Protein chains: 2
Amino acid sequence: MTHDTSGTRPSPTLEMVAAHAGVSRATVSRVVNDTPSVDPELVRIVQKSITELNYIPNRVARSLASRRTNSIAVVVPESTSKVFADPFFASVVEGIALHLTETDYTLNMVIASESRPEKTRGFLLGGNVDGVLVVSHHIGDHSWTHLSGAPPMVLAGRPLDGGEDSYYVEVDNAQAAFGATNLLLERGRRNLAIIAGRQDMPPGIDRLAGWRAAVEGAGLTGELVEIGDFTFDSGAAAMQRLLDRDVTIDAVFAANDQMAAGAYTTIQSRGLSIPDDVAVVGFDDDAFALSVTPQLTTVHHPIVELGKKMAEILVDRIEGRPAERVTRMATSLTLRDSV
Amino acid sequence: MTHDTSGTRPSPTLEMVAAHAGVSRATVSRVVNDTPSVDPELVRIVQKSITELNYIPNRVARSLASRRTNSIAVVVPESTSKVFADPFFASVVEGIALHLTETDYTLNMVIASESRPEKTRGFLLGGNVDGVLVVSHHIGDHSWTHLSGAPPMVLAGRPLDGGEDSYYVEVDNAQAAFGATNLLLERGRRNLAIIAGRQDMPPGIDRLAGWRAAVEGAGLTGELVEIGDFTFDSGAAAMQRLLDRDVTIDAVFAANDQMAAGAYTTIQSRGLSIPDDVAVVGFDDDAFALSVTPQLTTVHHPIVELGKKMAEILVDRIEGRPAERVTRMATSLTLRDSV
DNA sequence: TTGTACGCGTTATCAA
DNA sequence: TTGATAACGCGTACAA
């Protein structure tokens with residue numbers, strides 16, 4: 001006895017339904033699984049018994065017999081203890097969850113504990129899930145990506161380590177950053193800085209590359225670079241360092257909105273005005289973009305859709321349908337008052 | 001064939017390990033489950049075989065036989081499409097996940113789809129999980145709370161509908177709101193308003209009650225009440241209505257930081273100063289409190305801890321250990337610059 | 001179209 | 001302490 005079960009009236013088994021309906025278990029199983037070749041009359045009778053007895057199929061037994069679990073895992077790195085605080089992550093998971101709700105798949109969140117890596121590995125390889133979704137980008141986080149015997153997998157963002165055979169959904173970070181930076185240039189800004197993100201993950205790397213391409217394409221030097229870790233505080237600190245290096249900076253591109261919001265506090269505390277003295281562009285178009293004053297001009301990308309797409313592709317793969325290896329989501333520039 | 005399995009080398013079964021080790025399956029099972037009464041020498045031999053063959057126990061088969069799934073469900077309402085955007089929710093889930101990582105339990109996120117309620121119900125009652133965590137507060141969302149046959153459950157926040165027998169973890173919303181409001185009174189504010197939250201959930205109801213108690217306790221009339229839905233925009237709108245009613249408001253208590261941040265934009269766009277003209281106090285102490293200018297004075301509560309506690313209590317119940325029915329987390333006032 | 005019977009990988013019972 | 005062996009609840013060839 002593992003817990004108080006008073007008042008418990010467990011769901012009947014398939015066998016009990018069969019008895020009640022006066023058919024074999026096989027027939028009940030067929031009705032439950034919508035197998036075409038069943039006498040409509042029998043279908044009716046069985047379904048009646050099912051509702052009368054309040055039968056709920058046992059997913060565990062079903063999995064054992066069918067070798068499919070009908071559940072998929074979402075793996076997130078523990079290292080990023082801020083994963084949940086990151087609106088990007090939250091939105092991806094939301095998209096995944098929303099799509100799966102419309103399917104018969106169940107969502108398993110697994111924290112890739114660094115202290116117990118074998119736990120994650122065992123879970124993923126133990127036949128507990130039909131597929132895996134990975135929302136991390138750190139180098140090294142994909143240690144299980146190329147394991148033989150692993151179920152189908154779809155990544156959020158391009159993999160860092162080769163991974164020619166990986167399936168993933170991403171936004172074109174470099175292109176979007178390029179466009180955002182060009183906006184600043186078009187508005188006449190000439191002394192551009194960037195608060196880049198961690199250089200061990202694609203969004204950090206590619207957004208910096210896009211910024212650099214635009215800046216250097218305009219014949220300017222891309223030297224005003226400071227690195228943050230995508231958090232609010234790191235944005236504020238990076239802005240400090242930038243202004244300490246060059247007070248004449250007239251535009252900043254931040255690799256995400258949280259860091260942009262952090263930069264705001266630094267800029268404004270130095271008596272500088274946004275956008276008059278310093279124009280700011282962010283990336284993500286999340287809640288932070290709206291909560292700051294003046295509201296932030298930022299790169300919008302469909303994060304929830306990205307999550308949905310990941311789930312969609314994974315389910316396609318699981319069920320044997322063809323699927324694109326790489327899907328790129330479109331971005332757009334949301335113009336507000338910070339430029 | 002459901003998907004490409006080239007290169008797959010499935011984990012061996014318990015039986016294969018038994019053969020390899022020259023013992024019976026029962027013995028291997030005992031070793032795997034740390035059953036005390038096994039010859040140390042055999043334990044060694046079996047463990048050797050396990051690592052050599054790279055054996056991973058099949059959780060599904062284990063569940064079927066043992067009638068325990070080693071996984072718990074976190075139920076979130078679909079209605080709140082903003083659940084994931086809500087830092088509170090994210091932190092609770094983070095806490096839950098963090099605690100479960102240290103146990104052998106797995107986390108199942110289930111969206112309580114309103115269009116397919118039977119799916120949620122079936123999942124929860126189908127023996128798929130050993131316990132349930134509910135992070136919603138809406139009236140009606142607990143329709144499955146009192147189902148017989150349901151596994152142990154722990155709620156975030158007090159249940160709205162009686163539920164004398166429920167287990168839950170909460171913060172004392174009324175008490176905290178009372179304290180926050182008293183701070184405003186102590187600072188000499190006399191024309192207090194509140195942007196309350198939805199009145200169909202405890203945080204909305206109780207924080208309003210706390211505010212009212214403090215205001216009326218000071219001999220003032222608690223009439224300046226506007227209701228929001230915990231979102232940024234609703235906070236801005238509510239502040240509009242308040243100022244339209246009475247421009248001499250000198251203090252506002254918002255039921256969460258997001259609404260407080262929304263109120264900021266309204267207040268400042270009317271040319272009023274925070275805190276000189278209007279003092280503001282929020283609730284949650286999340287990222288929004290830091291991203292606004294001036295930084296927000298707000299009620300801090302240990303949300304991640306709350307999640308951890310929920311998971312801890314649920315696991316205790318599942319494993320038959322005694323547990324408190326109601327746990328109340330302490331709050332504190334984080335003083336910043338908005339008062 | 002329906003039923004029989006075996007197997008899925010593990011735990012649990014009962015003898016030995 | 002160890003080993004047969006019967007569940008666990010369902011899917012699915014295969015046979016009828």
Side-chain angles (χ1 to χ4, degrees), chain A residues 1-2 10-47 49-50 53-71 104 122-123 125-130 149, chain B residues 1-2 10-46 49-50 53-71 104 122-123 125-128 130 149:
Chain A
M1 166 164 32
T2 56
S11 167
T13 67
L14 208 169
E15 176 151 26
M16 299 171 69
V17 175
H20 182 97
V23 298
S24 74
R25 299 185 327 190
T27 298
V28 177
S29 175
R30 292 185 182 108
V31 171
V32 169
N33 293 300
D34 290 319
T35 302
S37 59
V38 180
D39 186 322
E41 176 61 11
L42 279 189
V43 172
R44 221 183 41 71
I45 296 181
V46 171
Q47 277 173 341
S49 295
I50 287 179
L53 296 182
N54 199 13
Y55 168 70
I56 298 177
N58 183 316
R59 283 173 48 109
V60 173
R62 202 204 286 249
S63 292
L64 185 58
S66 67
R67 317 177 129 292
R68 309 182 335 111
T69 64
N70 268 299
S71 76
D104 278 321
F123 184 78
L125 269 51
N128 303 293
V129 294
D130 294 337
Chain B
M1 166 165 32
T2 58
S11 167
T13 67
L14 206 168
E15 176 150 27
M16 300 171 68
V17 176
H20 182 97
V23 299
S24 73
R25 298 181 316 186
T27 299
V28 176
S29 177
R30 291 185 183 108
V31 171
V32 169
N33 294 298
D34 291 318
T35 302
S37 57
V38 180
D39 185 320
E41 175 60 11
L42 278 189
V43 172
R44 221 183 41 72
I45 296 181
V46 171
S49 296
I50 287 179
L53 297 182
N54 197 13
Y55 168 71
I56 298 176
N58 183 316
R59 284 173 48 108
V60 174
R62 204 204 284 250
S63 292
L64 183 58
S66 67
R67 317 178 127 292
R68 309 181 336 112
T69 64
N70 267 302
S71 77
D104 279 320
F123 184 78
L125 270 52
N128 303 293
D130 293 337

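Numbered from 1 within each chain, the chains take letters A, B, ... in sequence-line order. Remember, it's a predicted structure, so these values are computed and weren't measured experimentally.
Contact check for A:I50 versus A:V32: side-chain heavy atoms found under the 4.5 Å cut-off. Side-chain contact between B:V31 and B:L42 is absent, with no heavy-atom pair separated by less than 4.5 Å. A heavy-atom distance below 4.5 Å is found between the side chains of A:V28 and A:V23. Side-chain contact between B:S29 and B:L14 is present, with heavy atoms from C-beta onward closer than 4.5 Å.
The two atoms that bring B:R59 and B:S71 nearest to each other are NH2-CB, 4.0 Å, heavy atoms only. Minimum interatomic distance between B:F123 and B:N128 (heavy atoms only, all atoms of both residues): O-ND2, 2.7 Å. Across B:S63 and A:V60, no two heavy atoms sit closer than the pair CB-CG1, 3.7 Å. Shortest non-hydrogen contact noted between A:G122 and B:I56 is O-CG2, 3.7 Å.
Within 4.0 Å of B:R30, counting heavy atoms only, lies at least one base atom of the nucleic acid. Across all strands shown, A:T13 has heavy atoms under 4.0 Å from sugar-phosphate atoms exclusively, and none from any base.
Distance, B:M16 CE to C:dC8 C1': 15 Å, rounded to whole Å. Spacing between atom CG of B:N58 and atom C1' of C:dG7 amounts to 13 Å, rounded to whole angstrom units. Atom pair A:R67:CZ and C:dG7:C1' shows a separation of 9 Å (rounding to whole Å applied). When the P atom of C:dT10 is taken as reference, atom CG of A:N128 falls 11 Å away, rounded to whole Å.
Nearest-nucleotide positions on DNA chain C place A:V38 closer to the 5' end than the other of B:V60 and A:V38. Nucleotides of DNA chain D nearest to B:R25 and B:A65 differ in position, and the one nearer the 5' end is that of B:R25.
Along DNA chain D, read 5' to 3', the first and last nucleotides having any atom under 4.0 Å from a heavy atom of chain A are D:dG9 to D:dA13.
For C:dT11, one of the phosphate oxygens OP1 or OP2 lies less than 4.0 angstrom from a side-chain nitrogen or oxygen of B:S29.
Picking from C:dT11, C:dT10, C:dT2 the nucleotide with the shortest atom distance to the side chain of A:L42 gives C:dT2.
Interatomic distance, B:N33 CG to B:R62 CZ, rounded to the nearest 0.5 Å: 5.0 Å.
From one end of the helix from C:dT1-D:dA16 to C:dA16-D:dT1 to the other, with five pairs defining each end axis, the axis direction shifts by 30° (rounded to 10°).
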